[in-house]
Amino acid sequence: MNFIADLHIHSKFSIATAKNLDLENIHISAQKKGITVVGTGDCTHPGWFAEIEEKLVPAEQGLLKLREDVCKEVDEFVPKSCKNSVRFMLVSEISSIYKKNEKTRKNHNLIYHPDIETAKKFNKKLDKIGNIKSDGRPILGLDSKNLLEILLETSEESFMIPAHVWTPWFSVLGSKSGFDSIEECYEDLTPHIFAIETGLSSDPAMNWRVSSLDGFTLVSNSDAHSPAKLGREANLFNTDLTYSAIKSALKTGNPEQFLGTLEFFPEEGKYHFDGHRNCNVCFSPEQTKEKNSNCPVCGKPLTLGVMYRVDELADRPVGDMPEKRHPFHNIIPLVEILSEINKVGAGSKKIKKKYQETLDVLGPELDILFKTDIDIIEKADIPLLGEAVRRMRNGEIELFPGYDGEYGKTKIFKPQEIDKLFGQKLLFSGFSESVEKEKKQKKKKRKNTPETNKVSEAQKKHLYQNDEKEARLNKEQQKVMNHEKGPLLIVAGPGTGKTHTITHRVAYLINEKRVSPKNILAITFTNRAAMEMEGRLKHLLAGIKQMPLVCTFHSFCYRVLAEQGKKENAALPVIIDDDDKKRLISDVISHL
């Protein structure tokens with residue numbers, strides 16, 4: 001089965017996490033996000049482990065689920081459109097701080113267990129080594145290799161994934177305390193490491209530049225410190241819903257089982273670029289090198305970010321990729337998109353309400369962001385959301401990189417764009433409201449012309465009343481349809497009913513005003529829009545033999561050129577293909 005998994009989160013027992021980060025709220029949030037399997041997080045902490053034992057019960061092999069009575073209490077907070085099963089997988093993040101090769105190392109690792117008993121045995125061993133009670137993510141003076149050894153001795157079914165491998169301060173490849181390779185850290189136990197976590201500040205494309213990482217499955221997780229942050233990065237699986245199947249998919253990297261990842265735009269991560277947050281200095285790797293890695297404000301060494309570190313270790317140019325790789329999809333959290341559209345904070349009550357309303361209509365967040373058809377999003381009548389998601393999926397956004405612990409920012413719209421497009425909501429604000437009653441039209445008998453046929457009263461009734469979906473016109477749209485003299489400009493944003501209104505306008509001109517179809521040109525940007533408009537007109541113009549010309553700007557211009565060419569006995573215009581484009585561009589480049 002296809003499902004989404006977020007396998008690295010925390011609990012309320014970790015430092016700097018939300019107080020409501022408990023199993024109940026994780027269960028609720030996972031459904032809202034569209035996540036089927038979620039890590040428990042912090043399963044080494046005695047307090048959290050006690051809650052796991054109390055509230056979770058065995059489900060499929062190696063997975064747990066919320067106890068049925070607890071489920072019933074919390075599922076009422078999940079929108080009907082999002083309701084789904086949620087499974088938990090035992091996982092904890094462990095911070096290792098130790099000395100190796102004459103350098104202090106600070107590595108974070110994720111450890112996974114197949115069952116409660118194995119987790120108990122492992123926790124007992126760690127409790128003898130260091131303090132696992134003070135923080136959900138314990139800090140141990142233990143070499144990462146030795147940690148892996150203890151894990152494997154506890155159970156061969158357990159496994160480890162190095163966490164957010166590029167983060168400067170706490171990761172296996174970080175600029176401040178990491179190694180130059182995975183092998184340098186785990187030595188002879190490296191074969192037991194089969195996956196690495198890319199972290200928020202890098203994506204697979206950046207990791208592909210380092211050939212020594214080719215043998216590892218690249219995973220992405222949210223590292224959530226609150227329920228709302230679940231799924232900001234996640235993994236796509238097509239396996240049985242079991243611990244063993246998930247582990248196997250990660251170990252083999254089988255592209256039919258591990259389908260890829262959902263990713264932050266890496267620029268939005270806290271450590272993408274270099275800099276000093278207190279000095280308000282943010283540099284690209286090139287700028288950092290020009291400054292000899294020192295801050296121009298305070299003179300101290302800059303915090304070198306993920307991009308700089310990738311550049312250091314890369315042996316492939318940007319754009320190169322290994323033969324074996326998995327796809328990924330960059331996403332922006334839905335609350336951030338709604339926040340930008342509505343120009344209010346992502347944590348405001350208004351955005352929380354709009355987020356809930358969006359889920360009620362369209363379903364889980366991650367489906368909306370990377371899977372739901374744009375047409376369906378636009379039909380939901382949530383202004384600008386469809387266009388925002390389209391731009392996000394196509395990478396048509398502006399990015400402001402994060403640095404030195406400061407999250408980056410994304411911009412989908414320019415401020416004036418939002419003002420302009422939102423203004424159109426006034427014109428089409430009633431599109432999804434109840435159907436306005438049609439004004440009675442005076443009906444006159446007319447003779448048929450060569451281009452038009454008489455439209456019966458029954459056909460008109462069908463046109464304006466029978467099909468509710470096609471007939472709904474609000475007052476403003478009625479004004480457009482009945483406009484009498486002079487040009488009329490309609491400025492409207494995506495999903496506000498432009499095509500709907502214009503097709504009714506065309507039908508009105510032909511059926512009521514007796515305008516010949518050959519004197520009407522309906523022109524648009526894309527073939528898809530032209531086909532949609534033509535289909536609607538065929539439905540509205542029942543009984544009309546000749547249809548008006550509906551086409552794109554490109555096809556209309558081609559038609560004009562072809563007709564003009566015929567008059568002048570010139571050759572027909574030719575549409576060049578991709579090979580011709582490349583050849584022409586190459587010729588121009590060579591010439592210049």
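- Aromatic pair Phe525/Phe553: centroids less than 6.0 angstrom apart.
- Note on Asp375 versus Lys379: no salt bridge recorded, every NZ/NE/NH1/NH2 to OD/OE distance being 4.0 Å or above.
- With a 4.5 Å cut-off on side-chain heavy atoms, Thr198 and Glu263 count as touching.
- Across all their heavy atoms, Ala346 and Ile351 have their closest contact at O-CG2, 3.6 Å.
- The pair Glu484-Lys513 meets the salt-bridge criterion, since a charged nitrogen lies less than 4.0 angstrom from a carboxylate oxygen.
- Taking both residues in full, the closest heavy atoms of Pro401 and His272 are given as CB-CD2, 4.1 Å, listed atom of the first, atom of the second, then distance.
- Taking CE from Met392 and CD1 from Ile331, the interatomic distance works out to 7.0 Å, rounded to the nearest 0.5 Å.
- Other residues, nucleotides and ligands contribute over 12 non-hydrogen atoms within 6.0 Å of the CE atom of Met321.
- Asn235 places a side-chain N or O within donor-acceptor distance of the main-chain N or O of Ala5, the cut-off being under 3.5 Å.
- Checking side-chain atoms of Ser586 against main-chain N and O of Lys582 turns up no donor-acceptor pair under 3.5 Å.
- Checking side-chain atoms of Gln257 against main-chain N and O of Thr239 turns up no donor-acceptor pair under 3.5 Å.
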task: Mind running side-chain contact (heavy atoms from CB on, under 4.5 Å) on Asn474 and Gln477 for me, showing each step along the way?
output: CA-CA 5 Å; Asn474 61 41; Gln477 292 168 330; 3.3 Å; yes

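- Between the side chain of Ser81 and the backbone N or O of Leu359, at least one donor-acceptor pair lies under 3.5 Å.
- With contacts defined as side-chain heavy-atom distances shorter than 4.5 Å, the pair Ile341/Pro383 does not qualify.
- The closest donor-acceptor contact from the side chain of Lys354 to the backbone of Val335 lies at 3.5 Å or more, if one exists at all.
- Atoms CZ and CD1, on Arg505 and Ile520 in that order, are 9.0 Å from each other to the nearest 0.5 Å.
- Contacts of Glu336 classified as side-chain contact (heavy atoms from CB on, under 4.5 Å), with partners at least two apart in sequence or in another chain: Glu268, Ile332, Pro333, Thr410.
- Other residues, nucleotides and ligands place more than 12 heavy atoms under 6.0 Å from the CG atom of Asp360.
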- request: Check the pair Glu365, Tyr355 against side-chain contact (heavy atoms from CB on, under 4.5 Å), reporting the backbone distance first and the verdict last.
  value: CA-CA 9 Å; Glu365 175 181 347; Tyr355 178 78; 2.7 Å; yes

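- In this structure, CG in Leu541 is found 11.0 Å from CD in Glu534, a value given to the nearest 0.5 Å.
- Looking only at side-chain heavy atoms (C-beta outward), Thr36 and Leu241 come within less than 4.5 Å of each other.
- More than 12 heavy-atom neighbours from other residues, nucleotides or ligands sit within 6.0 angstrom of NZ on Lys83.
- The backbone N or O of Gly565 lies less than 3.5 Å from no partner atom in the side chain of Asn569, so there is not a single donor-acceptor pair.
- More than 12 heavy atoms of other shown residues, nucleotides or ligands fall within 6.0 angstrom of atom CG in Asn394.
- Taking 4.5 Å as the limit, every side-chain heavy atom of Gln478 sits out of range of all side-chain heavy atoms of His504.
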- request: Dump the intermediate steps for salt bridge (Lys or Arg N to Asp or Glu O under 4.0 Å) on Arg390 and Glu396, then the final yes or no.
  value: CA-CA 8 Å; Arg390 185 197 67 78; Glu396 299 171 11; 3.1 Å; yes

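- For the pair Glu340 (side chain) and Phe413 (backbone), a donor-acceptor distance under 3.5 Å is present.
- Surrounding CD of Glu76 are more than 12 heavy atoms belonging to other residues, nucleotides or ligands, all under 6.0 Å away.
- Here the straight-line distance linking atom CD1 of Ile412 with atom CD1 of Ile337 works out to 4.5 Å at 0.5 Å rounding.
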query: How far apart are the C-alpha atoms of Phe328 and Leu218, what are their side-chain angles, what is the distance that settles it, and do they pass the side-chain contact (heavy atoms from CB on, under 4.5 Å) test?
result: CA-CA 10 Å; Phe328 66 94; Leu218 304 178; over 6 Å; no

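- In this structure, Arg559 does not pair ionically with Glu563, as no charged nitrogen and carboxylate oxygen lie closer than 4.0 Å.
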field: Test side-chain contact (heavy atoms from CB on, under 4.5 Å) applied to Val219 and Leu7, step by step
entry: CA-CA 9 Å; Val219 302; Leu7 303 176; over 6 Å; no

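- In plain terms, the two heavy atoms of Gly231 and Ser222 that are nearest each other are N-CB, 3.6 Å.
- Inspection of the Asp75 and His27 side chains reveals an N or O donor paired with an N or O acceptor under 3.5 Å.
- By the 6.0 Å contact criterion, NE2 on His483 is enclosed, its count of non-hydrogen atoms from other residues, nucleotides or ligands being greater than 12.
- For Lys343, the side chain to side chain donor-acceptor pair (under 3.5 Å) partners two or more places apart in sequence, or in a different chain, are Asp419.
- Formation of a donor-acceptor pair under 3.5 Å by the Arg209 side chain with backbone atoms of Arg316 is found in this model.
- Scanning all heavy atoms of the two residues, the minimum distance from Pro227 to Asn25 falls at CG-CB, 3.9 Å.
- Aromatic ring centroids of Tyr271 and Tyr403 lie 6.0 Å or more apart.
- The CG atom of Leu473 lies 5.5 Å from the CE atom of Met481; values are rounded to the nearest 0.5 Å.
- A 4.5 Å side-chain heavy-atom check between Gln356 and Lys32 finds at least one atom pair inside the cut-off.
- Going from atom NZ of Lys353 over to atom NZ of Lys349 covers 11.5 Å, rounded to the nearest 0.5 Å.
- No side-chain donor-acceptor contact under 3.5 Å links Glu267 to the backbone of Leu399.
- A 4.5 Å side-chain heavy-atom check between Val480 and Glu476 finds every atom pair outside the cut-off.
- Considering all non-hydrogen atoms of both residues, Thr499 and Arg536 come closest at C-NH1, 3.7 Å.
- In this structure, Leu236 and Leu262 have side chains that are in contact, with non-hydrogen atoms separated by less than 4.5 Å.
- By the 6.0 Å contact criterion, CD on Glu568 is enclosed, its count of non-hydrogen atoms from other residues, nucleotides or ligands being greater than 12.
- Annotation: side chain of Leu66 is not in contact with side chain of Val86 (no heavy-atom distance under 4.5 Å).
- Checked options Arg232, Glu197, His8; the residue passing with Asn221 is Glu197 (criterion: side-chain hydrogen bond (donor to acceptor under 3.5 Å, both in side chains)).
- Judged by distance alone, the side chain of Thr503 and the main-chain N or O of His500 form a donor-acceptor pair under 3.5 Å.
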task: Report the C-alpha separation of Glu532 and Arg528 in whole Å, then their side-chain angles, then the decisive distance to 0.1 Å, and conclude whether the salt bridge (Lys or Arg N to Asp or Glu O under 4.0 Å) test is met.
output: CA-CA 6 Å; Glu532 181 184 354; Arg528 181 176 180 176; 5.9 Å; no

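- Closest approach of Leu385 and Leu338 over heavy atoms only: CD1-CD2, 4.4 Å.
- Using cut-offs of 30° and 60° on the angle between ring planes, the pair His326 and Phe258 is perpendicular.
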